[in-house]
Amino acid sequence: MIGSFTNIFIPMSFLWWMGFQMRALFIHADYLEYEAKKKTKLADDISDDKKKGRIEEALVTYISFEEIDEGKEEASAKLLAENVMEIAEKVETKNTVLYPYAHLSSSLGKPASGKEILEKTAEILEEKGYTVLSSPFGWYKSFKISCKGHPLSELSREIVAGEDEGGDGEEVSEALKSEEKAVSSWFVLGLDGELTSLELKKNKVKGYDFGDHKRLKQFVQYEMAKSRTAGKEPPHVDIMKRLELVDYEPASDPGNFRYYPKGRMMKSLLETYVNQEVKRTGGMEIETPIMYDFEHPSLKSYLHRFPARQYSIQTPDKRVFLRFAACFGQFLMMHDATVSYKHLPMRLYEMSHYSFRAEQRGELTGLRRLRTFTMPDCHSFCADIEMAKLEMQDRFQLSWDVLNGIGFQVPNELEFAIRVTKEFYDENSEFLAGLVKKWGKPALVEMWDKRFFYFIFKYEWNFVDSQGKASALNTDQLDVENAERYDINYVGMDGEKHHPYILHQSPSGAIERVMYALLENIHLKQMTGEKPKFPHWLAPTQVRFLPVHDDVLENCKELAGKLNARADVDDRDQSIGKKIRDAEKDWIDFIIVYGEKEQESGKLSVRRRDGVQEELTIEELASKLAELQRGMPMTSLPLPMLLSKRISFRG
RNA sequence: GCCGCUGUGGCUAAGGGGUAUAGCGAUUCAUUGGUAAUGAAUAGGUCGUGGGUUCAAUUCCCAUCAGCGGCUCCA
């Protein structure tokens with residue numbers, strides 16, 4: 001038989017059990033086409049019109065019959081039919097195909113027995129109102145199948161008729177061995193260190209009185225029940241396009257964006273700021289490659305745990321994957337380093353520009369979830385758990401400062417989530433309660449009965465948007481696995497080599513996601529009647545001069561150049577009313593109308609974003625601007641100073 | 001990846017089997033303006049892309065790309 005699979009994806013977890021039963025592979029297909037090519041010795045005699053077949057939208061069952069099925073044809077047929085019907089119902093189809101596929105078997109049963117089961121199964125299915133296409137038995141056939149690929153579209157089962165009554169058994173065993181998953185339980189950890197258990201009843205979170213902590217409630221609801229408000233286009237997508245910050249790039253892969261000058265400037269300032277803060281607190285900045293060899297021994301075992309989520313590309317010589325985090329480069333670097341306990345704790349840092357994750361198509365939305373993103377990634381290497389805990393507290397403060405500096409009200413505008421193994425919680429409950437106390441609001445705790453990732457504890461601060469969707473910004477994870485995997489060692493006081501504990505931190509979360517959260521946060525405030533406004537240090541234009549007529553244009557240019565701020569000049573041939581309207585639509589902090597009056601008095605007429613209009617000298621304005629800038633990174637205007645010289649990037 | 005919805009000048013949209021309409025923007029001219037839209041004229045569209053049905057497709061059908069919503073996922 002010549003098989004040609006098109007558009008089919010077999011999951012990595014696809015495992016056959018080594019049993020001796022009827023074996024079935026179910027595929028929910030857009031269509032199946034087959035053609036009988038050549039007889040085998042066992043072939044049915046069939047008319048020419050049965051040699052070819054095609055069916056649209058059907059559940060295709062590839063089936064082999066094993067020795068053990070012999071003598072239990074009736075029961076086997078019944079069981080097979082039940083399995084087919086059960087799955088057909090789930091995928092909502094009435095079309096089925098029975099496709100004898102001997103290759104599934106390691107101990108094929110006798111053909112007569114198989115044929116009998118097939119015929120009887122078809123009878124049962126037809127009785128129940130299903131359409132059945134039986135592909136011919138005993139022929140070499142070619143086929144084409146288009147697999148739908150939704151979660152239920154591919155299932156394999158082995159089906160064995162009960163042994164006792166010679167055939168009437170009901171046993172159905174799953175061949176798709178489900179991945180061993182840890183069981184999560186959920187709690188709220190209060191300021192008093194008390195753990196309150198949560199449960200889900202009718203999809204509502206019960207067990208804790210959230211009181212004023214509405215956003216925590218929303219967050220917990222999202223985490224436990226995945227519920228959210230009725231969805232529209234996310235507000236930040238409209239903002240990022242309208243203000244010409246960021247846009248989709250249809251010519252790339254989904255989740256890869258273009259950044260216009262203003263968006264690139266904001267992103268660059270955020271990167272500079274996070275770099276500055278991590279370096280200020282002892283992170284050593286490095287750079288590592290973005291692509292890695294699939295066959296490298298340390299990477300291989302790691303990748304094996306998370307198949308098919310990465311971009312892979314062909315170099316002239318080998319296949320490589322694009323990094324999905326900066327861990328690889330840093331660990332490989334540390335593998336080669338010589339480290340003593342006296343050096344610990346130590347921090348390695350990289351602004352991973354970029355990291356790549358081939359996220360599922362439907363999960364990508366605007367700047368919230370991308371396939372290509374910029375992630376500050378800071379690893380601390382610690383000698384023992386106690387050191388790791390102290391280090392985490394330190395980094396907790398770092399994240400606090402970073403997110404606060406960026407423009408979030410920490411902790412008011414974020415929600416704290418702790419994810420931890422039961423064992424770590426029990427041994428370190430005071431430490432965790434201490435973090436919550438420092439946070440100042442109750443936190444969500446997800447507790448696992450056993451470890452199933454490389455970490456035993458991690459926390460995140462989550463932003464909850466106007467649609468009730470939560471996204472983690474910063475995170476810190478306590479890794480107990482990778483030092484061994486990458487053979488990272490330090491020499492202890494005892495002169496022996498030891499594996500350090502590794503902390504993985506992103507002090508701000510992905511920069512793109514920070515932009516998402518900033519824009520969504522502005523939208524949230526706007527809904528309460530506030531005027532939308534960037535944090536001053538991130539505003540593309542901080543000050544705009546509006547010359548009343550051309551005679552004062554030169555003065556405006558001079559003044560704008562003098563200010564240590566991003567100041568531009570609206571020199572377009574427009575009315576003052578129009579220029580003000582446009583400046584307001586650009587969310588500009590300080591709008592200055594400049595004419596004869598100002599020229600003569602030396603005082604500027606400044607219209608602030610909050611609506612207040614005041615008279616200031618250029619010096620007074622300069623000192624106000626300096627104060628707002630607060631030691632945050634500064635950069636020049638991303639666009640020409642004169643508005644008449646600016647192109648429009650998207651109408 | 002699955003299901004559903006959307007795709008019309010640079011932007012935002014209306015329309016609908018007989019090659020399309022408005023506002024904004026752009027261009028030109030006039031206007032030299034005082035705190036959220038100065039006026040007039042002009043140009044600009046193979047209706048996302050590729051097939052099919054039809055005398056005729058932007059409109060109907062199929063496929064495909066992109067976006068959104070939901071599911072799933074989130075090392």
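Residue numbers begin at 1 in each chain, while the letters A, B, ... track the order of the sequences.
- A/Ile576 comes within 4.0 angstrom of sugar-phosphate atoms only, judged by non-hydrogen atoms across all strands, and of no base.
- Backbone-only engagement by A/Leu364 is indicated by non-hydrogen atom pairs under 4.0 Å involving sugar-phosphate atoms exclusively.
- If you check every strand for non-hydrogen atoms under 4.0 Å, A/Ser471 touches nothing.
- For A/Asp573 against B/U32, a side-chain-to-base donor-acceptor contact under 3.5 Å is absent.
- Ring geometry, A/Phe416 versus A/Tyr459: the interplanar angle exceeds 60°, so the pair is classed perpendicular (tilted spans 30 to 60°).
- Taking atom CG on A/Leu503 and atom C1' on B/A75, their separation rounds to 16 Å, with Å as the unit.
- Counting any heavy atom pair closer than 4.0 Å across all strands shown, A/Asp582 reaches no nucleic acid atom.
- Side-chain contact, A/Arg451 with A/Thr421: no donor N or O sits under 3.5 Å from an acceptor N or O.
- Within the nucleic acid shown, A/Glu598 comes within 4.0 Å of at least one base atom, counting heavy atoms only.
- Using a 4.0 Å heavy-atom distance criterion, A/Arg369 is classed as a base contact.
- Residue A/Gln360 contributes atom CD, which lies 14 Å from atom P of B/C3 at whole-angstrom precision.
- If you measure from atom CD1 of A/Ile647 to atom C1' of B/C11, you get 15 Å, rounded to the nearest angstrom.
- Residue A/Lys469 is in sugar-phosphate contact alone, with no base atom involved, counting any heavy-atom pair closer than 4.0 Å across all strands shown.
- Atom NZ in A/Lys597 sits about 13 Å away from atom P in B/G33, given to the nearest Å.
- Note on residues 348-359 of chain A: pairs passing side-chain hydrogen bond (donor to acceptor under 3.5 Å, both in side chains), not counting sequence neighbours, are A/Glu271-A/His353, A/Asn275-A/Tyr349, A/Thr288-A/Glu350, A/Arg323-A/Glu350, A/Ser352-A/Ser355, A/Glu359-A/Arg369.
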